[in-house]
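Not measured: the values here are computed from a predicted model. We name chains A, B, ... by the order of the sequence lines, and we start the count at 1 in each one.
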Amino acid sequence: MKIYNSYTNQLEEFQPINKGVVNMYICGPTVYNYIHIGNARPVIFFDTVRRYFEHLDYKVNFVSNFTDVDDKIITKAIQDEVDEQEISEKFIAAFLADVERVNSKTDYNKPKVTNYMSNIINYIEKLVEKEFAYVVNGDVYFRVQNVKDYGKLSNRNIDDLISGSRIEINEKKENPLDFTLWKKTDVGIKFDSPWGEGRPGWHTECVAMIDDIFGGQVDIHGGGSGLKFPHHENEIAQSLVLNNHTIAKYWMHNGLLNIDNKKMSKSEGAVILVKDLDVDYNGFRLFMLSAQYRSPINFNDEALKSYVSEWEKISRIYASIHLKLDLENKLDDAKTVHPVLLEIYKEFLEAMNNDFNTANAVTALQKLLKLSNQLLRGNSDSGILLSALKLFDVFFDVLGLKIETKRLDSEEKEIYSSWVQARKNKDFDKADELRKTLSEKGII
RNA sequence: GGUCCCGUAGCCAAGUGGCUAAGGCAAUGGACUGCAACUCCGUGAUCGCCGGUUCGAAUCCGGCCGGGACCUCCA
């Protein structure tokens with residue numbers, strides 16, 4: 001399997017650190033608001049990565065944090081006249097509800113900053129000891145200057161960054177590029193530290209958590225490409241100094257989502273929240289997986305709708321085959337190997353093995369859709385249809401699509417065969433009535 | 001000001017040097033059908049423009065036009 005490593009900017013053969021195990025860490029949300037559909041992209045994509053590894057029988061340890069200490073949370077808490085925890089707990093719950101909405105798995109390890117305060121402080125202390133961090137009046141800053149390769153991930157050099165006119169001048173810093181590890185504060189929630197009361201900067205939590213949970217290095221560290229600089233660059237800098245490695249063997253970054261070719265951003269309006277999306281989330285998920293994850297994806301109503309209707313077609317054929325096999329009591333039979341189905345499965349694997357090319361994986365699903373329709377209309381034998389159904393199950397499982405089917409009870413089967421019989425007898429009044437009943441029961 | 005990325009049919013999108021440029025949505029013609037729905041078959045591209053490299057380019061190089069991102073919190 002090949003993965004595009006954004007640290008080295010090339011496709012690399014995936015070799016896990018420990019055989020059969022994939023440790024992955026994805027930067028999670030700062031919980032001060034509902035997430036928008038752009039935020040959903042890493043949630044959906046990295047969940048798909050996880051699912052695919054699991055399909056290949058890897059044991060996946062999936063970790064994604066909650067940043068529950070942050071200026072934005074404090075601001076909101078003051079605004080709403082509640083304490084920070086109330087805000088963060090509310091939006092953690094909201095986040096998980098959205099994760100579930102888009103059919104991403106919620107059973108993963110979710111460390112919170114508030115539970116990691118001593119690890120974070122400890123991590124910063126070590127940086128201070130190594131003299132890669134310095135204390136000024138209760139603030140602690142990371143000294144970027146001496147870190148070799150600073151800027152490699154985001155492909156920029158220190159001189160360019162310094163000459164950039166937009167870097168804020170902070171007189172306490174030795175160098176404008178130095179970033180905050182610990183911030184002395186008067187407002188909002190405060191924690192004790194060797195440097196006085198304050199709160200941690202944003203960039204240490206992930207490395208401290210990875211250090212604690214995985215003992216230093218993960219196989220995959222992922223997040224949106226917006227995090228490359230400065231966040232991930234700074235994570236790497238800290239880890240290089242302390243552990244002499246870049247925390248992750250493979251760095252993966254998803255492209256951003258635009259609306260009408262403009263970046264969707266909490267700070268610039270034009271935001272669609274996940275919870276407010278008024279469409280089938282399977283269709284939404286297909287849409288999100290229809291482009292290669294590193295490319296930007298442009299949100300557009302027409303495109304979204306086309307994937308929603310694609311999903312309707314897929315669920316229709318799935319249900320039809322399921323129903324047919326159910327009526328014939330063949331659902332538990334042995335499936336028959338069918339060469340074309342095997343070919344489609346291979347295409348699917350090939351696509352996913354090629355840096356998780358979900359766009360081509362979706363194409364394989366569409367091929368299965370068309371073939372299934374042909375098989376069903378062509379009165380193929382039940383073994384082949386069952387095998388098609390099982391292949392759908394595999395694709396649904398990996399891509400995170402959810403379909404609900406049920407088996408009919410004997411009474412329902414009775415109604416169904418009466419319907420077929422009525423049509424045969426050209427008793428269309430009765431047939432229509434039975435069809436209505438079946439339709440109301442959600443059977444057809 | 002600095003650093004990058006992208007431009008494939010109305011829409012989404014694969015393809016990154018080599019057979020007639022995948023696939024889907026929409027549109028349209030046909031088939032199937034008691035009706036309806038579904039479904040199947042068919043129909044569409046001088047790959048933003050200009051030039052170069054090459055036996056050969058959507059794919060590599062240069063210029064231009066258009067769009068976007070990052071350098072500040074951001075998935």
*What interatomic distance, in whole Å, is found between P of A22(B) and the corresponding atom of C47(B)?*
14 Å
*asked:* Taking side-chain contact (heavy atoms from CB on, under 4.5 Å) as the definition, give me every residue that meets it alongside N103(A), ordered by chain and number, with sequence neighbours left out.
replied: N282(A), R285(A), K402(A)
_Sequence neighbours excluded - side chain to side chain donor-acceptor pair (under 3.5 Å) pairs with any residue from residues 424-436 of chain A_ = Q421(A)-N425(A)
*What does L256(A) touch in the nucleic acid at a heavy-atom separation under 4.0 angstrom: a base, only the sugar-phosphate, or nothing?*
base
*Does any residue of residues 312-322 of chain A have a heavy atom under 4.0 Å from RNA chain B, and if so, which ones, in number order?*
K313(A), R316(A)
Under 3.5 Å between N/O atoms: give me all the protein pairs with nucleotides 17-23 of chain B, atom names plus distance.
| from | atom 1 | to | atom 2 | distance (Å) |
| --- | --- | --- | --- | --- |
| G23(B) | O2' | Q366(A) | OE1 | 3.1 |

_Does either side chain, that of N234(A) or that of Y150(A), offer a donor lying less than 3.5 Å from an acceptor on the other one?_
yes
*Determine the interatomic distance between P on G7(B) and the same-named atom on C60(B); round to the nearest Å.*
10 Å
*At under 4.0 Å between heavy atoms, what does L257(A) touch on the DNA or RNA strands: base, sugar-phosphate, or nothing?*
base
*Nearest 0.5 Å, what's the CD1-CD distance between I314(A) and E310(A)?*
5.0 Å
*By ring-ring contact (aromatic ring centres under 6.0 Å, His included), which residues pair with F191(A), not counting sequence neighbours?*
none
*asked:* I want to check one thing: is the phosphate of G15(B), taken as OP1 and OP2, less than 4.0 Å away from some side-chain N or O of N357(A)?
replied: yes
Could you list the donor-acceptor pairs under 3.5 angstrom formed by side chains in residues 65-72 of chain A, with sequence neighbours left out?
| from | atom 1 | to | atom 2 | distance (Å) |
| --- | --- | --- | --- | --- |
| N65(A) | OD1 | Y25(A) | OH | 3.2 |
| N65(A) | OD1 | G28(A) | N | 2.7 |
| N65(A) | ND2 | T67(A) | OG1 | 3.4 |
| N65(A) | ND2 | E205(A) | OE2 | 2.8 |
| T67(A) | OG1 | E205(A) | OE2 | 2.5 |
| D68(A) | OD1 | V113(A) | N | 3.2 |
| D68(A) | OD1 | T114(A) | N | 3.0 |
| D68(A) | OD2 | T114(A) | OG1 | 2.5 |
| D70(A) | OD1 | K72(A) | N | 2.6 |
| D71(A) | OD1 | R199(A) | NE | 3.1 |
| D71(A) | OD1 | R199(A) | NH2 | 2.2 |
| D71(A) | OD2 | K183(A) | NZ | 3.2 |

*Please list, by residue number, the residues of residues 372-392 of chain A whose heavy atoms come closer than 4.0 Å to an atom of RNA chain B; answer none if no residue qualifies.*
N373(A), Q374(A), R377(A)
*Considering heavy-atom distances to RNA chain B, does G255(A) or S309(A) have its closest nucleotide positioned more toward the 5' end?*
S309(A)
*G44(B) and G29(B): how far apart are their P atoms, nearest whole angstrom?*
16 Å
*Rounded to the Å, how far apart are L434(A) CG and C35(B) P?*
19 Å
*asked:* Using atom C1' in both nucleotides, what's the gap between U8(B) and G67(B) to the nearest angstrom?
replied: 15 Å
*Mind checking side-chain contact (heavy atoms from CB on, under 4.5 Å) for K324(A) and listing every partner two or more places apart, or none if nothing turns up?*
E328(A), L376(A), N379(A), L385(A)
*Base G34(B) to side chain D432(A), donor-acceptor N/O within 3.5 Å cut-off*: yes
*asked:* Suppose we call a contact any N or O donor and acceptor under 3.5 Å apart; does that hold for the side chain of R435(A) and the base of C35(B)?
replied: yes
*On a whole-Å scale, what distance lies between the C1' atoms belonging to C6(B) and A14(B)?*
16 Å
*For R294(A), what residues pass the side chain to side chain donor-acceptor pair (under 3.5 Å) criterion, not counting sequence neighbours?*
D355(A)
_Residues forming a ring-ring contact (aromatic ring centres under 6.0 Å, His included) with H338(A), sequence neighbours excluded_ = none
Side-chain donor-acceptor pairs of residues 221-228 of chain A under 3.5 Å, sequence neighbours excluded:
| from | atom 1 | to | atom 2 | distance (Å) |
| --- | --- | --- | --- | --- |
| H221(A) | NE2 | E235(A) | OE1 | 3.4 |
| S225(A) | OG | N254(A) | O | 3.4 |

*Under the side-chain contact (heavy atoms from CB on, under 4.5 Å) test, which residues partner K2(A), sequence neighbours left out?*
L11(A), E13(A)
*In whole Å, what separates the C1' atom of U59(B) from that of U53(B)?*
14 Å
_Nearest-Å distance once atom C1' is located in both C19(B) and C25(B)_ = 28 Å
*What distance, rounded to whole Å, do you find between the two P atoms, one in A36(B) and one in A31(B)?*
14 Å
*Pair Y250(A) + F14(A): ring centers closer than 6.0 Å*: yes
*Sugar-phosphate only, base, or nothing, as touched by G38(A) at under 4.0 Å among non-hydrogen atoms*: base
